[in-house]
Amino acid sequence: MSEYAILASRSIRLTRRNPDAVITALVLPVLLMLVFVYFFGGAIETSTGKYVTYVAPGVLILCAGYGASMTATTVSNDMTGGIIDRFRSMDTSSTAVLAGHVAASVARNAAATAAVLGVAFAIGFRPHAGTGQWLAAVSILLAYITTLSWLGAAAGLLAKTPEAASGFTFVMLFLPYPSSAFVPVETMPAWLHGFAENQPVTPVIESLRGLLLDQPTGNSPWLALAWCGGLLAVTLPVCAALYRRRTA
């Protein structure tokens with residue numbers, strides 16, 4: 001078994017041993033889905049009919065933010081807990097250590113996504129996607145989750161404590177709100193339109209919504225992938241540099 005698989009398995013086991021992380025990853029997204037649909041859905045009109053149909057893609061994106069915040073915390077725990085010294089003595093690469101945390105994040109998000117979709121189906125979400133559209137939607141969501149997880153790893157390397165690492169990820173948790181995740185951008189104040197339409201979360205959400213509901217997506221999928229690719233191109237070397245600095 002390669003060091004990547006071993007460290008990914010280790011990170012997943014650590015998640016299973018942390019009940020708070022499991023609850024946050026699985027239960028919180030489901031509760032958010034229910035809150036948005038039943039508390040606010042009756043007051044919001046969208047072009048998709050039922051509000052659950054409109055909001056489900058946005059909640060999936062919100063889940064990824066919570067998963068990334070846990071990645072930041074677990075990376076920071078490793079950097080401050082002494083385990084990195086043992087990894088260095090075994091000549092373990094920095095890429096493998098961080099990739100293990102990212103793999104665990106993707107696994108947590110996959111479970112959370114399945115839970116949210118299950119609840120969404122139970123309360124009325126009815127997608128109209130074909131096989132190809134489902135595959136495209138899953139690919140875009142996976143690219144976004146992976147990107148956000150690496151950003152979380154970078155936050156964990158920057159932070160001096162796990163608590164600070166959790167605070168660094170506030171931006172990731174906030175970005176879905178000033179986007180088309182929960183209300184149409186057109187309903188926002190004019191001064192907010194430019195940011196809401198051109199930040200990285202909106203094309204991801206519009207891609208998922210269009211693909212799952214069999215609606216036109218325009219260039220949203222390509223914009224979403226471009227954002228993910230650009231952020232990864234910056235984040236990966238930054239993570240490598242930060243790891244070297246922290247372990248020097």
Side-chain angles (χ1 to χ4, degrees), residues 24-25 28-69 109-110 112-121 123-127 129 133 136-149 151-152 169-228 231:
T24 302
L28 184 58
V30 170
L31 291 178
L32 287 171
M33 168 69 76
L34 297 175
V35 165
F36 278 110
V37 172
Y38 289 115
F39 288 14
F40 309 128
I44 300 175
E45 294 184 4
T46 65
S47 60
T48 60
K50 290 184 177 181
Y51 184 60
V52 64
T53 303
Y54 183 88
V55 79
V59 176
L60 295 179
I61 295 303
L62 201 59
C63 293
Y66 283 103
S69 68
N109 275 287
T113 297
V116 168
L117 283 176
V119 172
F121 275 106
I123 61 178
F125 178 55
R126 297 295 181 267
Q133 291 167 310
V138 169
S139 298
I140 291 172
L141 183 59
L142 183 62
Y144 179 77
I145 290 171
T146 303
T147 301
L148 218 57
S149 298
L151 285 169
T169 59
F170 172 77
V171 173
M172 295 183 238
L173 299 176
F174 175 75
L175 274 180
Y177 293 97
S179 73
S180 62
F182 307 113
V183 296
V185 172
E186 294 75 20
T187 65
M188 297 179 183
W191 57 268
L192 190 55
H193 281 185
F195 177 78
E197 290 177 349
N198 297 289
Q199 59 131 315
V201 172
T202 295
V204 177
I205 292 171
E206 291 301 311
S207 300
L208 296 180
R209 186 174 290 132
L211 289 166
L212 294 178
L213 301 182
D214 194 22
Q215 296 177 349
T217 58
N219 62 350
S220 292
W222 302 114
L223 285 174
L225 292 175
W227 270 110
C228 292
L231 289 171

Taking the side chain as C-beta and beyond, is there a heavy-atom pair between [X] and [Y] under 4.5 Å?
X    : Y    : result
V119 : F125 : no
V185 : S179 : no
L34  : I123 : yes

Kindly indicate, with the supporting measurements, whether the criterion side-chain contact (heavy atoms from CB on, under 4.5 Å) is fulfilled by D214 and Q133.
-> CA-CA 8 Å; D214 194 22; Q133 291 167 310; 2.9 Å; yes

More than 12 heavy atoms of other residues, nucleotides or ligands under 6.0 Å from CZ of F121: is that the case?
->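 Counting neighbours around CZ of F121, more than 12 heavy atoms of other residues, nucleotides or ligands fall under 6.0 Å, so yes.
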
Could you give the distance from [atom1] ([X]) to [atom2] ([Y]), rounded to the nearest 0.5 Å?
X    : Y    : atom1 : atom2 : value
L175 : Q199 : CG    : CD    : 5.0 Å
T147 : L151 : OG1   : CG    : 7.0 Å
I205 : S220 : CD1   : OG    : 10.5 Å
M188 : E197 : CE    : CD    : 9.5 Å
L148 : I145 : CG    : CD1   : 8.5 Å
I140 : C228 : CD1   : SG    : 8.5 Å

Can you give me the closest heavy-atom contact between [X] and [Y], atom names plus distance?
X    : Y    : answer
V52  : A120 : CG2-O, 4.2 Å
V116 : M33  : CG1-CE, 3.5 Å
W227 : P203 : CD1-CG, 3.9 Å
G58  : A181 : CA-CB, 3.7 Å
L213 : P127 : CD2-CA, 4.3 Å
T187 : P184 : OG1-O, 2.7 Å

With distance as the sole criterion, is a donor-acceptor pair present between the side chains of E206 and S180 under 3.5 Å?
->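 Note: E206 and S180 side chains meet the donor-acceptor criterion.
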
Any donor and acceptor pair, going by atom type alone, linking the side chain of Y54 with main-chain N or O of V183 inside 3.5 Å?
->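 Side chain of Y54 to backbone of V183, a donor-acceptor pair under 3.5 Å: yes, one is there.
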
For L142, does its backbone N or O pair with a side-chain atom of T146 as donor and acceptor, under 3.5 Å?
->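 The answer is yes, because a donor-acceptor pair under 3.5 Å joins these two groups.
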
Of V59, L60, L62, which meets side-chain contact (heavy atoms from CB on, under 4.5 Å) against P176?
->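 Testing P176 for a side-chain contact (heavy atoms from CB on, under 4.5 Å) against V59, L60, L62 leaves exactly one candidate, L62.
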
Mutual orientation of the aromatic rings belonging to F182 and Y177 [parallel < 30°, tilted 30-60°, perpendicular > 60°] |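 Tilted: the ring planes of F182 and Y177 meet at 30° to 60°.
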
